[in-house]
*Asks:* 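Structure provided below as structure tokens; questions to follow.
Atom set for the values below is all heavy atoms of this structure, side chains included, hydrogens, waters and symmetry mates excluded. Whatever order the structure lists ligands and atoms in, that order sets their numbers, starting from 1. The first residue in the sequence is number 1, and the count goes up from there.
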Amino acid sequence: RIGLSKNVSIARAVVAGSFNRRLSTDTGRKLEGKVALITGAASGIGKETAEKFISNGAKVVIADIQHQLGQETAEELGPNASFIACDVTKESDVSNAVDFTISRYNQLDIMHSNAGVTCRSAPSVVDLDLEVFDKVMGINVRGTLAAIKHSSRVMIPRRSGSILCTGSITGVMGGLAQPTYSVSKSAIIGIVKSVAAELCRYGIRINCISPSGIETPLLMEEMKRHYPGVGDPQLVKIIQGTGALQGAYCEPTDVANAALYLASNDAKYVSGHNLVVDGGFTAFKTLALPAPDSV
Ligand code: NAD
């Protein structure tokens, strides 16, 4: 009888264990106890990702050059969000943001290098403004490297961490944006692969997310330059109509979901990857074949 009741309690424990595991995968918060630092999170994709991370149990530090908006965003996202002023072109600011995160929350599990800018397009490569190019590279590429450098500084001793970088489909193929922005985003995809080779030795994963067009302030400003005088609702419609997947368009939440996956243990064996969030747009081209009955 004793043996029997022991077996029953073992069986109960096994069932309870599997039930708990099921609960934690089905309804669990994927970033419980984790601490994230997201650059460029005062607005757009970064803000949406911060919100998603917090709702999954993380504490999030928002690092952005926009002081007032950054503060307001942190207040809006509640007690698990805080703000630190940071210009990613200044290495000391990025280093401070990492140190601030550690001093406030004792650890850094996730670094999302997301801050980015675009610029006015030159009509031709011949007219390329190389000073503007340097400026964009300084924010998008050098800023990304600074984020990787300083997050690795604290992640390597702990032998764990997940780094995310926001790329773009414009870095995957040509013709989707002006060269300056495209080149900067191609570089980010390259940086991720290059750095993954080193960081894997320490159990640290690094991945890129490359979204297609979303009507955040960054793209809306570019669209306004391209279509002067056209109203916001029409510009939003144009952006949402640029994809190929019928019945859907890219939204900040799609990028935040990709970030959540890559940041969490669900992606524990994924590193050096570029997760393209574009409804398949950059995966194919269709041949310009005439219809059979017209030949
Ligand atoms: P956004 O304008 O809403 O957000 C960009 C944020 O970066 C802003 O809060 C801005 O203040 C911040 N930032 C700019 N320069 C900075 C600096 N030097 N230091 C710190 N913060 C700085 O635009 P978004 O679309 O959410 O952009 C986020 C990222 O997504 C960017 O890297 C962008 O290139 C990328 N992206 C956007 C799209 C799109 O269509 N919106 C598509 C693909 C990739």
*Asks:* Considering residues at least two apart in sequence or located in another chain, which fulfil the side-chain hydrogen bond (donor to acceptor under 3.5 Å, both in side chains) criterion with Asp129?
*Replies:* none

*Asks:* Do any side-chain atoms of residues 134-148 form donor-acceptor pairs under 3.5 angstrom with protein atoms, and if so which ones, sequence neighbours left out?
*Replies:*
{"residue": "Asn140", "atom": "OD1", "partner": "Val117", "partner atom": "N", "Å": "3.0"}
{"residue": "Asn140", "atom": "ND2", "partner": "Val117", "partner atom": "O", "Å": "3.0"}
{"residue": "Asn140", "atom": "ND2", "partner": "Ser184", "partner atom": "OG", "Å": "3.1"}
{"residue": "Arg142", "atom": "NH1", "partner": "Thr89", "partner atom": "O", "Å": "3.0"}
{"residue": "Thr144", "atom": "OG1", "partner": "Ser113", "partner atom": "OG", "Å": "3.4"}
{"residue": "Thr144", "atom": "OG1", "partner": "Asn140", "partner atom": "O", "Å": "2.5"}

*Asks:* Under the side chain to side chain donor-acceptor pair (under 3.5 Å) test against Ser210, which residue among Thr170, Thr166, Asn274 passes?
*Replies:*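 Looking at Thr170, Thr166, Asn274, the match for Ser210 under the side chain to side chain donor-acceptor pair (under 3.5 Å) is Asn274.
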
*Asks:* Evaluate salt bridge (Lys or Arg N to Asp or Glu O under 4.0 Å) for Glu76 paired with Lys47, printing each intermediate quantity in order.
*Replies:* CA-CA 10 Å; Glu76 186 188 325; Lys47 178 181 177 185; 3.1 Å; yes

*Asks:* Can you work out which protein residues put a heavy atom within less than 4.0 Å of ligand 1?
*Replies:* Gly40, Ala42, Ser43, Gly44, Ile45, Asp64, Ile65, Gln66, Cys86, Asp87, Val88, Asn114, Ala115, Gly116, Val117, Ile139, Thr166, Gly167, Ser168, Tyr181, Lys185, Pro211, Ser212, Gly213, Ile214, Thr216, Pro217, Leu218, Leu219

*Asks:* Would you call Lys149 and Glu91 a salt bridge, taking side-chain N to carboxylate O under 4.0 Å as the test?
*Replies:* yes

*Asks:* Once side chain to side chain donor-acceptor pair (under 3.5 Å) is applied, what residue pairs with a partner in residues 226-243 remain, sequence neighbours excluded?
*Replies:* Glu215-Gln240, Lys224-Asp232

